[in-house]
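Heads up: the structure comes next, in structure tokens.
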Amino acid sequence: MNQPVAVPPPPSSLGVRDLNRLRVIESIYLHPGCSRTDIARRTGLSRGTVSSVAEELDRAELLREHEAPEEEQRNRGTGRRPTLLSLVPGAAFAIGIDIGREHVRVIICDLAGEPVAEHWSPARVDEAPSATLDLAHDLVRRALRDAAVTPDRVLGAGIGLAAPIDPVTDEVRADGILPGWQGVLPATEMRKRLGVPVQLANDADVGALGENAFGAGQGINDMIYVRLSAGVGAGLILAGRPYRGARGTAGEIGHVCVRPDGVICPCGNRGCLETVASPVAVARQLEHVIDRPAADRLPTLLAAGDRRVLRAVADAGEAVGFALSAVVNVLNPELVVVGGELATAGEVLLEPIRATIHRHSLTGAAATAKVMTGVLGDRAEVLGAAALVLARSPAALAARVRTPS
């Protein structure tokens, strides 16, 4: 079962009745299959208030009642089997949109985070923001049609974009990264197309959220997700919540200098990790020894045991480990999840990352940080984008059943 996404604090402007409703929905969302007594204990509300809200949710067809399984009943140690409450998964849906450097992927998830439809398309994203957003809109419409989801059941859409995002203005803010998108407001533009609330984040940030909610990082409060694709970046989950920094550039390890005498990066600096550890960069290093070593050929060459490719990927892993060693010292994460296309190299990449972290980080910090490949593959970002919406689903559902006081 997927781990429910952590919900943000409630707004301070809510009245008592609306706040009680939200707290009950949050409790059911975070703890599916709980009893009214469980909810009262977790929220501090009276059982009568919990029952009243549950009746509202039942009338709105958001709630389902079911009995505890026999094994759970034995663990509870009570005589009478309690009635448990869960949200109806198909009562509402979230849209996830992953806009990479060369693709667009969309997914439709129910309230339990289960995908019900998905579409993917290659795209020339860098210089074509309007066409890319039109493509995303078309893919969303097709996915909604495939899943037979009507617009009134859509809570909103989340977008993961392969560029730093200003969390204050939602603008794309980074010279040389998606140059055609500078000053564009992707969330506003997509909101016009879809007619639903839209949230926007960097692709590594939503990748971290995806692996934390649905993948390798379930139950982990402090983790780093490293995305090694056409762009290189990291998403941070700290104290159980995404961390993006003051202006949205937290985790941009792709632009940490690892080769002071290296090549010029699109960001304008020299020797950035992205110029060394992206699949494109690895393929470029092999051009003088392998004919047409395109990035998409690396998995095949690795599987064949080509020593030249093994060495190039191991060198990339060492550079990633060097960049991560300072992050591990500063943040002391429990887990480092490696995703993106280069992660398919597996232990050839991971072992140098681990060894370099242990070489350059404090012993305690390095010993704590487990390094592993993500389990969601190329779906981490799109699922994380949907999780942006699911995190706010209790508030959205509470607003739908709000009645005058």
Side-chain angles (χ1 to χ4, degrees), residues 5 7-8 11 13 91-101 103-111 113 115-121 123 125-147 149-174 177-178 180-207 209-210 242 244 247-248 381-400 402:
V5 185
V7 300
S13 59
F93 295 86
I95 299 168
I97 303 171
D98 169 31
I99 301 177
R101 299 280 180 87
H103 74 270
V104 176
R105 184 189 301 271
V106 306
I107 202 165
I108 311 298
C109 291
D110 65 18
L111 285 177
V116 297
E118 185 173 358
H119 278 287
W120 177 92
S121 174
V125 172
D126 275 15
E127 301 290 346
S130 182
T132 299
L133 295 172
D134 286 343
L135 172 61
H137 179 211
D138 181 59
L139 294 177
V140 167
R141 290 176 59 189
R142 288 162 55 187
L144 290 173
R145 184 171 61 247
D146 290 351
V149 173
T150 54
D152 60 297
R153 290 192 291 163
V154 176
L155 296 176
I159 302 177
L161 184 65
I165 307 297
D166 188 318
V168 177
T169 66
D170 267 355
E171 287 182 275
V172 178
R173 291 282 191 184
I177 303 173
L178 293 189
W181 293 66
Q182 299 302 307
V184 173
L185 298 172
T188 300
E189 292 299 320
M190 188 54 69
R191 192 177 301 119
K192 293 176 182 176
R193 289 166 170 81
L194 294 176
V196 298
V198 176
Q199 297 178 67
L200 176 68
N202 169 263
D203 59 345
D205 290 335
V206 295
L209 187 56
R244 299 174 191 164
R247 297 307 296 265
E381 286 72 29
V382 74
L383 285 168
L388 288 173
V389 178
L390 293 175
R392 298 179 183 272
S393 61
L397 294 173
R400 288 191 174 197
R402 186 177 298 154

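Please read these numbers as outputs of a predicted model, since none were measured by experiment.
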Residue pair E118 / R105, side-chain heavy-atom distance below 4.5 Å: yes
Given side chains that start at C-beta, do those of I108 and P115 come closer than 4.5 Å, heavy atoms only? no
Suppose we screen for side chain to side chain donor-acceptor pair (under 3.5 Å). Which residues come up paired with H103, at least two apart in sequence or across chains? D98
Does the side chain of R101 come within less than 4.5 Å of L178's, by heavy atoms? yes
Nearest 0.5 angstrom please: F93 CZ to D110 CG, how far? 6.0 Å
Heavy-atom closest pair, residues P129 and G180: CG-O, 3.5 Å
Can you name the nearest heavy-atom pair linking L194 to H137, along with the distance? CD2-CD2, 3.5 Å
Distance-minimising heavy-atom pair for V106 and A136: CG1-O, 4.0 Å
L209 and L388, any side-chain heavy atoms less than 4.5 Å apart: yes
Donor-acceptor pairs are to be reported for all side-chain atoms of residues 153-168 against protein atoms at under 3.5 Å, with residues two or more places apart or in another chain.
from : atom 1 : to   : atom 2 : distance (Å)
R153 : NH1    : G90  : O      : 3.1
R153 : NH2    : A148 : O      : 2.9
D166 : OD1    : V168 : N      : 2.8
D166 : OD1    : T169 : N      : 3.3
D166 : OD1    : R247 : NE     : 3.4
D166 : OD2    : R247 : NE     : 3.1
D166 : OD2    : R247 : NH2    : 2.2

Going by the rule salt bridge (Lys or Arg N to Asp or Glu O under 4.0 Å), which residues pair with E171 if we only count those two or more places apart in sequence or in a different chain? R173
Test side chain to side chain donor-acceptor pair (under 3.5 Å) applied to D170 - qualifying residues, sequence neighbours left out: none
Quick one: CG on L139 to CG on L144, what's the gap to the nearest 0.5 Å? 11.0 Å
Residue set satisfying side chain to side chain contact (heavy atoms under 4.5 Å, CB included) with A123, at least two apart, ordered chain then number -> V104, V125, L135
Go through I97 and V382 one step at a time and tell me if the side-chain contact (heavy atoms from CB on, under 4.5 Å) criterion holds. CA-CA 5 Å; I97 303 171; V382 74; 5.8 Å; no
Closest approach of S393 and L111, non-hydrogen atoms and distance? CB-CD2, 4.0 Å
Show every side chain to side chain donor-acceptor pair (under 3.5 Å) that has at least one partner inside residues 191-206, sequence neighbours left out. D134-R193, E189-R193, Q199-R392, D203-R227
Between L390 and G113, the two heavy atoms sitting closest are CD1-CA, 3.9 Å
Quick one, V198 and T188 - any side-chain contact, counting heavy atoms below 4.5 Å? no
For R142 and D146, run salt bridge (Lys or Arg N to Asp or Glu O under 4.0 Å): C-alpha distance rounded to whole Å, both residues' side-chain angles, the deciding distance at 0.1 Å, then the answer. CA-CA 6 Å; R142 288 162 55 187; D146 290 351; over 6 Å; no
